[in-house]
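Reading through the structure tokens given below for one structure.
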Amino acid sequence: MTCGMEVQVDITSVLHDYAYVLIFLLVGAGFAFGPLVIAHFVAPRSFGRSRSETYECGIPTFGSAWVQVAVIYYLFALIFLAFDVDVIFLFPVLLAFGKGYVWRDFVEIFLFIGILSLVIVYAWCRGVFSWKRKPESR
């Protein structure tokens with residue numbers, strides 16, 4: 001602490017530090033807007049009747065856009081999402097593991113992974129992991 005003494009600050013060193021921040025922001029803006037500018041100049045353009053047609057990954061479209069998706073797909077997606085979130089939960093718990101309450105932490109992690117295992121067994125018994133394809137009709 002200086003207690004009444006004046007501190008001399010060299011303004012060039014302060015501006016030099018802010019220059020790094022400015023360069024960082026400019027490079028970030030370049031990464032954000034660069035692909036948009038490049039795509040504007042490089043992207044192919046189409047005119048006429050083909051512009052109004054539906055484009056889906058280069059495959060010619062056929063039939064209606066309203067396709068009924070099986071419920072099993074959504075169950076599979078929800079199970080994936082649940083396990084994804086659960087794995088994200090395990091990382092902070094494992095980092096805090098062993099900081100004092102070793103047995104309590106062990107029991108909590110064991111119960112958590114046990115419940116996840118029961119969910120896998122339940123989903124397997126319900127047939128979530130076996131997808132049966134319907135015959136395609138054209």
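Hydrophobic clustering (side-chain heavy atoms under 4.5 Å, transitive across Ile, Leu, Val, Met, Phe, Trp, Tyr) groups W124 together with V119.
As a member of the Ile/Leu/Val/Met/Phe/Trp/Tyr network built from side-chain separations under 4.5 Å, I11 groups with L15.
Shown here are the side-chain contact (heavy atoms from CB on, under 4.5 Å) partners of F112, two or more places apart in sequence or in another chain: D86, F89, L90, L116.
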Quick one: side chains of residues 17-40, donor-acceptor pairs under 3.5 Å with protein atoms, not counting sequence neighbours, listed by atom name and distance.
residue : atom : partner : partner atom : Å
Y20     : OH   : H16     : NE2          : 3.3

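Distance check: C125 SG to I120 CD1 gives 12.0 Å after rounding to the nearest 0.5 Å.
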